Amino acid sequence: MIKISKMPSANGKISVAPSILSADLWQLGRDVLAVQKAGADWLHVDIMDGHFVPNLSFGPSVVSSLKGKTDLPLDTHLMVENPMLFVEPFAKAGADLLTVHIEAKDEIVETLKLIKSFGVKTGLSIKPDTDPELIAPLTDLLDLVLVMTVYPGFGGQAFLPGSEDQIKRVRQIIAASGKAIWLEVDGGINAQTAPRAIKAGADALVAGSAIFKAADPVLALNQIRQAAPDI
Ligand code: DX5
Ligand code: ZN
């Protein structure tokens with residue numbers, strides 16, 4: 001069955017994607033509906049396999065539990081060594097976008113084509129020390145590039161110095177491709193760092209701890225929006 005993705009194409013607007021990695025799982029449904037009501041654009045779901053990154057998080061059942069309960073598109077970030085194994089289960093669970101890492105072990109073109117075969121939008125992520133030029137030959141297959149602004153694996157880390165250069169370079173590669181591709185950033189995004197990421201060329205912001213560890217997640221989301229120009 002081909003799914004119709006709810007994920008919009010890149011449209012020049014800024015999207016904010018709260019990451020449930022930092023949510024209190026006891027309160028997950030309540031908090032997801034609160035950020036949805038407060039104007040979040042997507043929900044970021046971090047998947048970790050304990051190999052690609054030294055941490056474990058969620059499986060497809062978490063995605064299928066969210067599907068249908070929230071209207072937010074499910075922006076699913078696969079931090080796994082063998083993404084080919086997990087594309088089908090996450091697509092069937094209801095992921096609207098599947099982002100894989102260029103540093104993962106599976107052949108990247110094959111992996112991106114597999115994601116597309118399920119009618120799911122494609123994302124490609126690079127770690128902070130990965131050369132952005134590796135993305136250039138793949139732009140025809142991409143809906144989104146995810147620039148990691150921390151080393152993946154854990155929430156609550158600080159936005160790495162030098163991230164702006166990485167974001168700017170990816171923005172140039174996207175512009176040269178002539179394609180509508182989102183440029184999402186992930187790691188250490190808060191009201192202070194969001195404007196820096198946007199100025200460098202980001203148009204989608206993941207924020208985990210800055211939203212869900214805040215005493216008032218709705219206020220924190222609004223503060224990120226207000227801090228970021230043109231949202
Ligand atoms: C980290 C994950 C992030 C994480 C971000 O490896 O990919 O999505 O949730 O968390 P914060 O916003 O706290 O840096
Ligand atoms: Zn993530």
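From a predicted model like this one, the values you see are computed outputs, not experimental measurements. We count ligands from 1, going down the list as the structure has it; atoms in each ligand are counted the same way. Here, residue 1 is the first one in the sequence, and each next residue gets the next number.
Among protein heavy atoms, the minimum distance from atom 4 (C) of ligand 1 is reached at D46 OD2, 3.6 Å. The protein non-hydrogen atom at the shortest distance from atom 9 (O) of ligand 1 is S19 OG, 2.8 Å. Shortest contact from atom 14 (O) of ligand 1 to any protein heavy atom: G188 N, 2.8 Å. Given atom 13 (O) of ligand 1, the protein heavy atom at minimum distance is S209 OG, 2.6 Å. Among protein heavy atoms, atom 6 (O) of ligand 1 sits closest to G153 N, 2.7 Å. Atom 10 (O) of ligand 1 has as its closest protein heavy atom G155 CA, 3.5 Å. Nearest protein heavy-atom neighbour of atom 1 (C) of ligand 1: F154 O, 3.6 Å.
The pair D24-R30 does not meet the salt-bridge criterion, since no charged nitrogen lies less than 4.0 angstrom from a carboxylate oxygen. A salt bridge links R225 to D41: at least one charged side-chain nitrogen sits closer than 4.0 Å to a carboxylate oxygen. The pair K127-E103 does not count as a salt bridge, with every side-chain nitrogen at least 4.0 angstrom from each carboxylate oxygen. With respect to the salt-bridge test (charged N to carboxylate O, under 4.0 angstrom), the residues E164 and K168 do not qualify. The existence of a salt bridge linking D203 and R171 is confirmed by a sub-4.0 Å separation between a basic side-chain nitrogen and an acidic carboxylate oxygen. Classification of E133 and R169 as a salt-bridged pair holds, one side-chain N sitting under 4.0 Å from a carboxylate O.
Taking distance alone, with nitrogen or oxygen atoms compared against 3.5 Å, G208 approaches ligand 1 more closely than that limit. For M148, no nitrogen or oxygen atom sits less than 3.5 Å from a nitrogen or oxygen atom of ligand 1, counting backbone and side chain alike.
If you look at K213 next to ligand 1, there are no close heavy atoms at all, none under 4.0 Å. Within the 4.0 Å heavy-atom criterion, the part of A207 lying near ligand 1 is the backbone and not the side chain.
E88 contributes no side-chain N or O that, together with a main-chain N or O of L85, makes up a donor-acceptor pair within less than 3.5 Å.
Ring-plane geometry between H101 and F52 is classed as tilted, the angle between the planes lying from 30 to 60 degrees on a 0 to 90 degree scale.
Atom numbering of ligand 1 starts at 1 in the shown order; those under 4.0 Å from a heavy atom of M79 are 6 (O), 7 (O). The distance from ligand 1 to the heavy atoms of G187 drops below 4.0 Å at these ligand atoms: 14 (O). Each of the atoms 8 (O) of ligand 1 lies under 4.0 Å from some heavy atom of V206. Which parts of ligand 1 touch H77 is read off a 4.0 Å heavy-atom cut-off, strictly below it: atoms 7 (O). Distances below 4.0 Å separate heavy atoms of H44 from the following atoms of ligand 1: 8 (O). Ligand-side atoms of ligand 1 in range of P152: 6 (O), range being under 4.0 angstrom from any heavy atom.
Within 6.0 Å of the NZ atom in K179, the count of heavy atoms belonging to other residues, nucleotides or ligands exceeds 12.
With hydrophobic clusters built from ILVMFWY side chains whose heavy atoms lie under 4.5 angstrom apart, V145 shares a cluster with V185. In terms of hydrophobic clustering, with Ile, Leu, Val, Met, Phe, Trp and Tyr side chains grouped at heavy-atom distances under 4.5 Å, I115 and L144 are assigned to different clusters. Linking ILVMFWY side-chain heavy atoms closer than 4.5 Å, directly or via other members, places L21 and V150 in two distinct hydrophobic clusters.
The Zn ion (ligand 2) is closest to atom OD1 of D46 (considering only N, O or S atoms). Restricting H77 to its N, O or S atoms, the one at the least distance from the Zn ion (ligand 2) is ND1. For D186, the N, O or S atom closest to the Zn ion (ligand 2) goes by the atom name OD2.
Taking 4.5 Å as the limit, some side-chain heavy atom of K116 sits within range of a side-chain heavy atom of L141.
In this structure, A210 does not count as a contact residue of ligand 1, since none of its heavy atoms falls inside 4.0 Å of the ligand. D186 counts as a contact of ligand 1, since one of its heavy atoms falls under 4.0 Å from the ligand.
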